[in-house]
Protein chains: 2
Amino acid sequence: MTSLDDVAKAAGVSAATVSRALSGRGNVSKATRAKILAVAAELDYVASSAASSLASGRMRNLGVIMPELHRWFFNTVLTGISAEATRTGYDVTLYNVTADPEVRQEIFGAFLRRRRVDAVIVVALELSDWEERELARLGIPVVIIGGSSGTLPGVSIDDAAVTELATAHLLELGHEVLGFIGGAEQFDADYKVPSQRRAGFDRALRARDISSDPSLIGEADFTIPGGFHAARQLLGTPGTGMTGLVAASDEMAIGAILAARELGIRVPEDLSVVGVDGHELGALFELTTVDQHAQNQGATAAKLILATVESEDTYPKSLDRSFDLLVRRSTARVPREPSA
Amino acid sequence: MTSLDDVAKAAGVSAATVSRALSGRGNVSKATRAKILAVAAELDYVASSAASSLASGRMRNLGVIMPELHRWFFNTVLTGISAEATRTGYDVTLYNVTADPEVRQEIFGAFLRRRRVDAVIVVALELSDWEERELARLGIPVVIIGGSSGTLPGVSIDDAAVTELATAHLLELGHEVLGFIGGAEQFDADYKVPSQRRAGFDRALRARDISSDPSLIGEADFTIPGGFHAARQLLGTPGTGMTGLVAASDEMAIGAILAARELGIRVPEDLSVVGVDGHELGALFELTTVDQHAQNQGATAAKLILATVESEDTYPKSLDRSFDLLVRRSTARVPREPSA
DNA sequence: ATCCTGAGTGCAAGCGCTTCCAGTATGGGG
DNA sequence: CCCCATACTGGAAGCGCTTGCACTCAGGAT
């Protein structure tokens, strides 16, 4: 392995100058820099990250903490983060916090404290006080995506607004008896998004003075099978008059469409279904949804936090937290005579 | 931040002894070790990874290279790798090689060469000669999952055997006219799994002296929509007499089931469908499949390579590359009078 | 002509660990 | 009772970079 000194000798300058030339910090004359760059390329020199980190305190490494990788939101956000990090020359270290509390404690209490990362992005994880304290103790920038924290900055979208928009869409189509599939109570301790999404649904109904029927609220785990089972129950109940269904995630919405098909309920003729996410699979099911630009959320968070790390500046003022209604064919004007 | 020296002073021993006590290398008396452990816990000491890496050359970091994160196989394998790495005290650094050749070159030519990782797992990526050379140059263990290399060791399953098993299952049920949905030609340059899976299908047919009908071979990209479109085309062709369909991935198999439903073809009464993977979603569609234990593949690869790194031993001799047929309800005995 | 400023460079002191080596006990074998 | 292996421990030399500081040398201001 060629070292800094090798380059310095070959270029006839000191190690300090090579370091400055390669890192861009400090003054080096044009000619010297060019020479050094040439020699470094020639010798195929790549700096040792450990040495560089130890001396400078900078790791060029971004930590990402997420509870799982299977669900669309997570791997999509991660893809966005990774792309942005790579562009900026940063590595991405993934900490997959599992349900096992020991693993979780190990990650916050030990892994992160090795000072491996310059910054941390936390994805859809509700942090305990202890975890927030551990994070704060690291003294590095932290950003939250998909979730919130009293003390930590986030780039999350407005999780109530998305379902409110989805619900309003159905209301505008004339639907008055709406069902909702969202997060189960037991999730909320760990993850506030489900209750926010639910709140948006309620808000939209309240704005039109429509009361929601508690028997039309289903609970699921944001997956396709979860949505399927919840929807089958909702749709199997006779006499509800439900003509529209809002699902708090596209995966659940797709599950609901599958359930409807199985029960012989036509979408959108008998039932309009709208989701939230912008999942790629939505196209296949012609699902109307609120696209939350998840990959972009990841990229934005990464851009934001890396800018902070690099410039030691404060966070930029404006963030793209946009989302928009993507109307496809799973929603339609309310039928004249409601089914069931 | 408390340092090694702080602990040494507080414990009344030298830094060398603290290092030995904490790392487990070298001899330290029981009493001294206990004292040091207590003091370290008290001071909440965690070693700086940069310093430790620089001095020892060990990173305690596992690199994972994958081309994408969306498809089930990738995030499942990654989950397995991550769990195992965390258990062993290793970080996981994710390199998401995108389609952009510049990114790819950057990762192999620069990121990996910073000596950040002790070992690399390459997932489902066909490497160019240059890439293999770069990897070899790092002088660290490399393992391939889902794919192969002439020179690098792999833990992949036998990709022909899985489809052979799936196909044999249909043949045993009496099906004689089988369709196949697999990878499109253009993928093969980058990724040999598709052609292997196809080879397994052919082999099973040949073993029973059944010739495969080229018009019953569909091409898709291993996703649900891909499978859907390919199957719709296959199933839309009248007069083929096809009663069984083998898909090279569960996602494509699910797409095929959706296509069949749309066309009014009953599964399994009119058409038996079998996939390969063991995708969680398979249960919802009652999909018969060949489970390849993807998460376990990731965990196995990680275990293997971390053992190599830790002990500087050679690779273990026996590996679990098992897969097994999981019969659900998407396959059935061939109908008396074939449909269409 | 003299002073000051700032660009360009090298020296050397670390960054916080690991580990080789040497030194001191300690205990069992002869 | 002596010797020597063995178990512990500390000293000190790095690991390969970064960066504060000191120094030189021009060129512009006075």
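Just so we're clear, the structure is a prediction, and the values are computed from it rather than from any experiment. FYI, side chains are in, hydrogens and waters are out, and symmetry mates aren't considered; it's all heavy atoms of this structure. Lettering of chains follows the sequences in order, A, B, ..., and the numbering in each one begins at 1.
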* Asked: For A:Arg20, which contact category applies under a 4.0 Å heavy-atom criterion: base, sugar-phosphate, or nothing?
  -> base
Could you go over nucleotides 22-24 of chain D and give all protein N or O partners under 3.5 Å, atom names and distances?
none

* Asked: Does the B:Thr93 side chain pair with the main chain of A:Thr93, one donor and one acceptor, at a distance under 3.5 Å?
  -> no
* Asked: Can you check the B:Leu4 CG to D:dT9 P distance for me, whole Å?
  -> 15 Å
* Asked: Going by the salt bridge (charged side-chain N to carboxylate O under 4.0 Å, His left out) test, which pairs reach into residues 20-38 of chain A, not counting sequence neighbours?
  -> none
* Structure fact -> Nearest-nucleotide check on DNA chain D, A:Val18 vs B:Thr17; residue mapping nearer the 5' end is B:Thr17
* Looking at B:His70 and A:Thr79, what are the two nearest heavy atoms and their distance? -> CE1-OG1, 3.8 Å
* Within a reach of under 6.0 Å around CD of A:Glu42, are more than 12 heavy atoms found that belong to other residues, nucleotides or ligands? -> no
* Could you tell me whether the side chain of A:Ile36 reaches within less than 4.5 Å of the side chain of A:Thr17, counting heavy atoms only? => yes
* To do: Decide side-chain contact (heavy atoms from CB on, under 4.5 Å) for B:Leu37 and B:Leu22; before the verdict, give the C-alpha distance in whole Å, the side-chain angles of both, and the deciding distance to 0.1 Å.
  => CA-CA 7 Å; B:Leu37 255 35; B:Leu22 263 26; 3.5 Å; yes
* Consider only side-chain N and O atoms of A:Arg116 and B:Ser49, and report whether a donor and an acceptor are under 3.5 Å apart. => yes
* Asked: Between B:Arg87 and A:Asp100, is there a salt bridge with N-O shorter than 4.0 Å?
  -> no
* Asked: Will you find, in the side chains of B:Glu280 and B:Trp72, an N or O donor that is under 3.5 Å from an N or O acceptor?
  -> yes
* Terminal contacting nucleotides, 5' and 3', DNA chain C versus chain B (heavy atom, 4.0 Å) -> C:dG16 to C:dC20
* **Lys/Arg-Asp/Glu bridge criterion (N-O < 4.0 Å) met for B:Arg60, B:Glu310** => yes
* Rounded to the nearest Å, what distance is computed from the CG atom of residue A:Asn27 to the P atom of nucleotide D:dT19? -> 14 Å
* To do: May I ask you to decide if B:Thr86's main-chain N or O and A:Glu106's side chain share a donor-acceptor pair within less than 3.5 Å?
  => no
* Asked: For DNA chain C, which residues in residues 39-62 of chain A have a heavy atom at a distance below 4.0 Å?
  -> A:Leu54, A:Ala55
* Asked: Partners of A:Glu132 by salt bridge (Lys or Arg N to Asp or Glu O under 4.0 Å), sequence neighbours excluded?
  -> none
* Asked: What are the residues of residues 113-120 of chain B, sorted by number, that bring a heavy atom to within less than 4.0 Å of DNA chain C?
  -> none
* Do A:Ile145 and A:Ile121 pass the side-chain contact (heavy atoms from CB on, under 4.5 Å) test, and can you show the C-alpha distance, the side-chain angles, and the key distance before you say yes or no? -> CA-CA 7 Å; A:Ile145 302 183; A:Ile121 297 180; 3.8 Å; yes
